[in-house]
Asks: 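Here you go, one structure.
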Amino acid sequence: MSESRAATDRLRAELRELGVTGVHEVGNDGILSVWIGLVIRFRDGFYRWQEGPVKRRHLGTDPSGCAIRVARRYAELQADVPSWWEDLAKILRGDAAEDYP
């Protein structure tokens, strides 16, 4: 198992414990999708996550801390859906995604 895969597996487990259960892997590169536009990957010893145009990073040795930050942001995004989400959702899912944040 690669370092990237092990790190994303640990993060996924931490997110699950925090109640974020809809996380799924995108491709074979250990990229996790938490929500449309909120994705996380592990590279160079850091969890690097992006939400729309905003990029953040967190130390790879702290999957629990990263999961807390991502889960908090996920809840904020769902409570107040950003303006970029609708355009991205239509591109990625088509018109059926309009009512689903």
Side-chain angles (χ1 to χ4, degrees):
M1 179 181 293
S2 72
E3 178 185 16
S4 176
R5 169 70 107 219
T8 55
D9 285 350
R10 286 191 302 271
L11 180 61
R12 184 189 311 217
E14 293 288 343
L15 286 166
R16 194 176 312 119
E17 285 185 27
L18 294 171
V20 182
T21 58
V23 177
H24 59 277
E25 191 168 347
V26 178
N28 295 326
D29 297 333
I31 298 172
L32 299 178
S33 175
V34 178
W35 192 62
I36 288 180
L38 179 57
V39 295
I40 310 160
R41 74 186 56 162
F42 183 83
R43 189 178 74 224
D44 301 328
F46 286 94
Y47 289 106
R48 298 173 188 275
W49 50 288
Q50 181 173 346
E51 56 170 271
V54 178
K55 296 180 180 181
R56 305 188 188 283
R57 69 181 190 169
H58 193 91
L59 283 175
T61 56
D62 184 22
S64 177
C66 183
I68 290 169
R69 289 179 67 194
V70 170
R72 182 180 307 131
R73 187 61 186 142
Y74 173 66
E76 291 169 357
L77 288 169
Q78 286 196 321
D80 186 21
V81 177
S83 60
W84 54 260
W85 186 87
E86 288 184 28
D87 294 333
L88 183 59
K90 285 180 183 177
I91 291 167
L92 295 176
R93 290 188 175 166
D95 291 333
E98 285 182 23
D99 296 330
Y100 179 76

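Positions are given from 1 along the sequence. Computed from a predicted model, the values in this text were never measured in an experiment.
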Asks: Answer with yes or no whether the hydrophobic clustering places Val20 together with Trp35; edges join I, L, V, M, F, W, Y residues whose side-chain heavy atoms lie under 4.5 Å apart.
Replies: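 They do share one cluster, since a chain of ILVMFWY contacts under 4.5 Å joins Val20 to Trp35.
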Asks: If Ile, Leu, Val, Met, Phe, Trp and Tyr residues are connected whenever their side-chain heavy atoms lie under 4.5 Å apart, and connections chain through other members, are Leu11 and Val39 in the same group?
Replies: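 Shared cluster, no.
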Asks: For the CG atom of Leu32 and the CG atom of Asp9, what is their distance to the nearest 0.5 Å?
Replies: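 Atom-to-atom, Leu32:CG and Asp9:CG are 8.0 Å apart.
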Asks: Among the clusters formed by ILVMFWY side chains lying less than 4.5 Å apart, do Leu77 and Ile31 turn up in the same one?
Replies: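 Leu77 does not cluster with Ile31.
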Asks: In this structure, would Tyr74 and Ile68 fall into the same cluster of hydrophobic residues linked by side-chain contacts under 4.5 Å?
Replies: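 Looking at the clustering, Ile68 is in a separate group from Tyr74.
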Asks: Closest heavy-atom contact between Cys66 and His58?
Replies: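 Cys66 and His58 have their closest heavy atoms at N-NE2, 3.3 Å.
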Asks: Just wondering, are more than 12 heavy atoms of other shown residues or ligands nearer than 6.0 Å to CZ in Arg41?
Replies: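 Open: at most 12 neighbouring heavy atoms sit under 6.0 Å from CZ of Arg41.
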Asks: I'd like to know if the side chain of Tyr47 and the backbone of Ala7 have a donor-acceptor N/O pair within less than 3.5 Å.
Replies: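 The answer is yes, because a donor-acceptor pair under 3.5 Å joins these two groups.
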Asks: Provide the closest heavy-atom pair for Asp62 versus Gly65 in the form atom of the first, atom of the second, distance.
Replies: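 For Asp62 versus Gly65, the nearest heavy atoms are OD1-N, 3.0 Å.
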Asks: Are any non-hydrogen side-chain atoms of Thr8 and Ile40 less than 4.5 angstrom apart?
Replies: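 A side-chain contact is absent here, since even the closest heavy-atom pair is not under 4.5 Å.
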Asks: State, to 0.1 Å, how close Arg12 and Val23 come at their nearest heavy-atom pair, and which atoms those are.
Replies: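 The answer is NH1-O, 4.1 Å.
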Asks: With rounding to the nearest 0.5 angstrom, report the OG to CD distance, Ser33 to Glu25.
Replies: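 With rounding to 0.5 Å, OG (Ser33) is 11.0 Å from CD (Glu25).
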Asks: Measure across Ala67 and Leu15 and return the closest heavy-atom pair with its distance rounded to 0.1 Å.
Replies: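 So the two residues come closest at O-CD2, 3.6 Å.
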Asks: Arg69 side chain to Arg57 main-chain N or O, any donor-acceptor pair under 3.5 Å?
Replies: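 The answer is yes, because a donor-acceptor pair under 3.5 Å joins these two groups.
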Asks: Heavy-atom distance under 4.5 Å between the side chains of Arg56 and Arg48, does that happen here?
Replies: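 Contact flag for Arg56/Arg48 side chains = no.
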